[in-house]
Amino acid sequence: MVAHTPRNSTLPGGVPKLGQAAVYRKRALYKRKKVQTKPTQEEAPTHKMKNVHGEKNGSTREVPLQKQPRFYPTEDCKKPLNNRRKVKPTKLRSSIAPGTVLILLAGVHRGKRAVFLKHLPSGLLLVTGPYKVNGVPLRRVDQSYVIATSTRVELPALPDTLTDAMFKRKPKPTKNEKDMFVENTTEEPKISAEKVALQKEVDALVVPAVKKVEMLQSYLRSRFTLKKGQFPHEMKF
């Protein structure tokens with residue numbers, strides 16, 4: 001008996017002459033029925049047999065394993081899914097440490113440089129210009145919107161009042177139907193005297209540390225800009 005020659009041959013270089021679709025058509029694999037045998041799964045029992053006392057009650061009775069609720073809601077209520085995610089504390093970048101000079105990339109003061117003071121429990125960075133040097137007050141900044149430089153300042157011990165609670169705002173009063181068409185007479189929020197005093201206290205600690213480093217004051221006053229052909233990922237700050 002002569003052996004059947006293969007339908008597909010190999011060209012020089014190890015490349016098959018026919019592709020996968022051509023072999024599928026030549027072998028008429030589309031005519032074959034694919035029969036899948038599903039694995040048999042035993043259904044979990046929903047009832048159990050319970051012994052019943054009494055001559056006229058019968059010896060056993062079928063009881064459901066899960067007791068049905070006594071009352072039903074009038075409308076279909078969606079059951080919320082369980083959320084197992086836990087809030088993890090934000091990790092600080094290795095290039096950022098207290099006293100590091102940062103370049104702000106977003107917000108009102110974008111392009112300015114500021115000194116990093118501490119990492120707050122909310123995960124945000126507490127920075128200041130200081131305000132006396134370049135006008136950047138005490139602010140909270142996300143670390144994804146800053147560029148860390150290699151310039152650092154040796155900071156003294158800072159006051160313990162520098163927390164997230166310092167930046168909390170008072171809730172706005174809700175309007176009733178009667179007050180909807182009344183002109184808004186509420187005053188614009190003003191900076192409290194406590195924040196002003198705290199800013200002066202922080203500046204009195206940070207400014208002398210900045211003056212110790214040569215040319216650092218003029219560096220903090222200058223803005224960060226890019227010109228044509230300059231790429232920040234190729235720069236060393």
Side-chain angles (χ1 to χ4, degrees), residues 85 87-172 184 186-237:
R85 287 183 292 179
V87 180
K88 297 179 181 178
T90 309
K91 291 183 180 179
L92 190 64
R93 272 192 281 172
S94 58
S95 57
I96 301 175
T100 305
V101 177
L102 307 176
I103 300 171
L104 306 179
L105 302 177
V108 182
H109 303 281
R110 61 179 176 271
K112 290 185 179 181
R113 293 173 170 86
V115 181
F116 170 61
L117 300 179
K118 65 184 292 188
H119 189 211
L120 298 173
S122 62
L124 300 175
L125 311 180
L126 181 64
V127 299
T128 186
Y131 184 77
K132 195 175 181 180
V133 175
N134 58 7
V136 179
L138 288 166
R139 289 181 69 86
R140 292 184 298 177
V141 186
D142 195 336
Q143 61 179 336
S144 58
Y145 295 105
V146 298
I147 296 176
T149 64
S150 57
T151 309
R152 292 194 179 183
V153 182
E154 292 185 5
L155 295 176
L158 298 172
D160 298 332
T161 51
L162 296 173
T163 58
D164 287 309
M166 183 183 67
F167 297 94
K168 277 191 176 180
R169 295 182 180 180
K170 293 181 180 179
K172 293 182 180 180
N184 190 9
T186 56
E187 297 180 357
E188 293 184 359
K190 296 181 179 179
I191 301 172
S192 62
E194 296 176 359
K195 285 188 178 180
V196 174
L198 187 59
Q199 181 69 62
K200 290 181 179 178
E201 185 182 353
V202 173
D203 282 0
L205 297 171
V206 179
V207 172
V210 171
K211 289 181 178 179
K212 289 179 182 178
V213 183
E214 190 178 358
M215 301 293 291
L216 186 57
Q217 274 189 307
S218 58
Y219 175 70
L220 290 173
R221 289 194 184 103
S222 63
R223 277 184 173 268
F224 172 72
T225 54
L226 288 174
K227 296 181 181 179
K228 188 177 180 180
Q230 292 180 339
F231 306 104
H233 62 276
E234 295 180 354
M235 297 180 180
K236 185 179 180 181
F237 298 96

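All values below come from the heavy atoms of this structure, side chains included, with hydrogens, waters and symmetry mates left out.
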Problem set entry | Val210/Gln217 under side chain to side chain contact (heavy atoms under 4.5 Å, CB included): CA gap, chis, key distance, verdict | CA-CA 7 Å; Val210 171; Gln217 274 189 307; 3.9 Å; yes

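- Atom CD of residue Gln230 and atom OG1 of residue Thr225 lie 7.0 Å apart, to the nearest 0.5 angstrom.
- Residues Ser122 and Thr90 approach most closely at O-OG1, 4.5 Å, considering heavy atoms.
- Taking the side chain as every heavy atom from C-beta outward, Leu125 and Leu92 approach each other to under 4.5 Å.
- More than 12 heavy atoms of other residues, nucleotides or ligands shown are found within 6.0 angstrom of CG on Leu226.
- Using modelled atom types, no side-chain atom of Glu234 and backbone atom of Phe231 make a donor-acceptor pair closer than 3.5 Å.
- Using a distance-only test at 3.5 Å, with no hydrogens or angles considered, no donor-acceptor pair links the side chain of Glu194 to the main chain of Met166.
- Counting only heavy atoms from C-beta outward, the side chains of Arg140 and Asp164 approach each other to under 4.5 Å.
- In this structure, the side chains of Val115 and Thr100 stay at 4.5 Å or more apart for every pair of heavy atoms.
- Annotation: Lys211, atom NZ; neighbour count of heavy atoms from other residues, nucleotides and ligands within 6.0 Å does not exceed 12.
- For the atom pair CG (Leu126) and CG (Leu158), the distance works out to 8.0 Å, reported to the nearest 0.5 Å.
- The closest side-chain heavy-atom distance from Thr149 to Tyr219 is below 4.5 Å.
- Put simply, the side chain of Leu162 reaches to within 4.5 Å of the side chain of Lys118, judged on heavy atoms.
- Counting all heavy atoms, side chain and backbone alike, His109 lies closest to Gly135 at CE1-O, 3.6 Å.
- In terms of modelled atom types and a separation under 3.5 Å, the side chain of Ser95 and the main chain of Ala148 share no donor-acceptor contact.
- Using modelled atom types, one side-chain atom of Gln143 and one backbone atom of Arg93 make a donor-acceptor pair closer than 3.5 Å.
- Note that CZ of Phe224 is 5.0 Å distant from CD1 of Ile103, once rounded to the nearest 0.5 Å.
- Residues Val146 and Leu104 form a side-chain contact, since some pair of their non-hydrogen atoms from C-beta on lies under 4.5 Å apart.
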For this session: Apply side chain to side chain contact (heavy atoms under 4.5 Å, CB included) to the pair Leu124 and Val141, showing each step before the final yes or no.
Result: CA-CA 6 Å; Leu124 300 175; Val141 186; over 6 Å; no

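- At distances below 3.5 Å, at least one donor-acceptor pair connects side-chain atoms of Gln199 with backbone N or O atoms of Leu138.
- Heavy-atom neighbours of Met215 CE from other residues, nucleotides or ligands within 6.0 Å: at or below the threshold of 12.
- Using a 4.5 Å cut-off on side-chain heavy atoms (C-beta onward), Pro130 and Leu220 make contact.
- Atom NZ of Lys200 is surrounded by 12 or fewer heavy atoms from other residues, nucleotides or ligands within 6.0 Å.
- Side-chain atoms of Ser150 come within 3.5 Å of backbone atoms of Phe237 as a donor-acceptor pair (strictly under, hydrogens ignored).
- Thr128 places none of its side-chain heavy atoms less than 4.5 Å from the side chain of Arg139.
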For this session: Check step by step if side chain to side chain contact (heavy atoms under 4.5 Å, CB included) holds for Leu155 and Val206.
Result: CA-CA 7 Å; Leu155 295 176; Val206 179; 4.2 Å; yes

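- Between the side chain of Asn134 and the backbone N or O of Arg113 there is at least one donor-acceptor pair closer than 3.5 Å.
- Closest of all the heavy-atom pairs between Val136 and Ala114 is CG1-CB, 4.3 Å.
- Put simply, the side chain of Arg223 gets close to the backbone of Arg110: a donor and an acceptor are under 3.5 Å apart.
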